[in-house]
Protein chains: 2
Amino acid sequence: MQRITEQRRVLLEELQATKRHPTADELYETVRCRLPNISLGTVYRNLDLLVRSGSIRKLDKAGGQARYDADLSEHLHVRCLHCGAIADLPDDGALKLEIPLPVIPSYAITRYRLEFEGTCPGCSAGTT
Amino acid sequence: MQRITEQRRVLLEELQATKRHPTADELYETVRCRLPNISLGTVYRNLDLLVRSGSIRKLDKAGGQARYDADLSEHLHVRCLHCGAIADLPDDGALKLEIPLPVIPSYAITRYRLEFEGTCPGCSAGTT
DNA sequence: AATGCTATTAATAATGATTATCGATACTGA
DNA sequence: TCAGTATCGATAATCATTATTAATAGCATT
Ligand SMILES: [Mn+2]
Ligand SMILES: [Mn+2]
Ligand SMILES: [Zn+2]
Ligand SMILES: [Zn+2]
């Protein structure tokens, strides 16, 4: 009962084709080249469906637009504080983080959120 | 030129008097007992001023209300996925996390966000 | 005390990302 | 074929937060 519509398929394809962690807005612009009549609501609806079915990840952020990632492999992100762009951290080398879940009486801690922040190459070039 | 208004002082006092990490809304209700005419905009404005002056911390969250903390000591938080409540992690014992900032060429990584998630005692009691 | 200056306020409107609604359309399977 | 329903595009609504604005209050100088 979960159809594979053109809109959903193209959306997933375009997200899988980029390493840029685009926002719903950016994805909307991209997808419009192939589906000129798609509406922004459809983009949001299908991104939500894809997240819920486990096909993509949502990288949300207070006070800004969420970004989406079709790379389901375990990896961490760094977010630029100036432009909001997200980049993958290479997990080669020193970054083998093992974060143990804390144990608190009667509190069931199931997971954590970890994200790095800084200034991306583009924005540090502008701030010369 | 930064006056210490009654509204600002009471707001800070009430936040310092609780361990509950209240939202702007909750703080608004609390403060109205002492300042019945305060407006929600004033609460937001002064919380923002207090954050910017380093007197309190803001714990924001995508798709929900931000919460505020007057405890400036270094400590971590756990957020309940059901009710949104935030609790402090006791930093005694095993939780001496040392997270090294990753080094990426031309990317200036300055800090990280780490937050745990789970189910608080109240919500796990309800889900019996 | 009177004047001028500016920070702040309460009330209210606006913003912006996301979600909900709805009538129309397109699949799907009996 | 045809009922049932998933999805669509368009558009309105939501909701936390921020901006605007006219009025007021604090402070300094005359
Ligand atoms: Mn990624
Ligand atoms: Mn705390
Ligand atoms: Zn940047
Ligand atoms: Zn809870």
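These numbers were taken from a predicted model, which means no experiment stands behind them. Worth knowing before you read on, the calculation uses all heavy atoms, side chains too, and leaves out hydrogens, waters and symmetry mates. Numbers restart at 1 for each chain; the letters A, B, ... are given by sequence-line order, proteins then strands.
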Rounded to whole Å, please give me the gap between CZ in Arg8(B) and P in dG26(D). 13 Å
Thr5(A) side chain near dC8(D) phosphate (N/O to OP1/OP2, under 4.0 Å): yes
Can you name the side-chain hydrogen bond (donor to acceptor under 3.5 Å, both in side chains) partners of Gln65(A), sequence neighbours left out? none
Contacts of type side-chain hydrogen bond (donor to acceptor under 3.5 Å, both in side chains), residue Gln7(B), not counting sequence neighbours: none
Leu47(A) CG to dT18(C) P: how many Å, rounded? 10 Å
Give the rounded distance in Å between these two atoms: CG of Leu49(A) and P of dA20(C). 12 Å
Could you run through nucleotides 10-20 of chain D and give me one letter per nucleotide, 5' to 3': B if any protein heavy atom sits under 4.0 Å from the base, S if only the sugar-phosphate is that close, - if neither? B-----SBB--
Euclidean distance, atom CG of residue Asn46(A) to atom P of dT18(C) [Å, nearest integer]: 15 Å
Asp25(A): which residues meet the salt bridge (Lys or Arg N to Asp or Glu O under 4.0 Å) condition with it, sequence neighbours left out? none
Could you tell me how the ring of His21(A) sits relative to the ring of His77(A): parallel (under 30°), tilted (30 to 60°) or perpendicular (over 60°)? perpendicular
Compare side-chain N and O positions of Gln7(A) against OP1 and OP2 of dG9(D) and report whether any pair is under 4.0 Å apart. yes
Using distance only, find each side-chain donor-acceptor pair of residues 54-61 of chain A under 3.5 Å and give its atom names and separation, not counting sequence neighbours.
from     : atom 1 : to        : atom 2 : distance (Å)
Ser55(A) : OG     : Ser53(A)  : OG     : 3.1
Asp60(A) : OD1    : Arg113(A) : NH1    : 3.3

Passing candidate, side-chain contact (heavy atoms from CB on, under 4.5 Å) with Leu27(A), options Thr18(A), Val10(A), Leu11(A): Leu11(A)
Using whole Å, report how far CD of Glu6(B) lies from P of dT24(D). 19 Å
Contacts table for residues 99-110 of chain B: side-chain donor-acceptor under 3.5 angstrom, sequence neighbours left out:
from      : atom 1 : to        : atom 2 : distance (Å)
Tyr107(B) : OH     : Cys80(A)  : N      : 3.4
Thr110(B) : OG1    : Glu117(A) : O      : 3.4

Detail all sub-3.5 Å separations between protein N/O atoms and N/O atoms belonging to nucleotides 25-27 of chain C.
from    : atom 1 : to      : atom 2 : distance (Å)
dC27(C) : O2     : Arg3(A) : NH2    : 3.3

Take the protein atom CZ of Arg9(A) and the nucleotide atom P of dT7(D), then report the distance between them rounded to whole Å. 15 Å
Starting at atom CZ of Arg52(A), determine the distance to atom C1' of dT18(C), rounded to an integer number of angstrom. 14 Å
Contacts of Arg3(B) meeting salt bridge (Lys or Arg N to Asp or Glu O under 4.0 Å) (sequence neighbours excluded), chain-then-number -> none
With sequence neighbours excluded, residues passing salt bridge (Lys or Arg N to Asp or Glu O under 4.0 Å) with Asp48(B): Arg52(B)
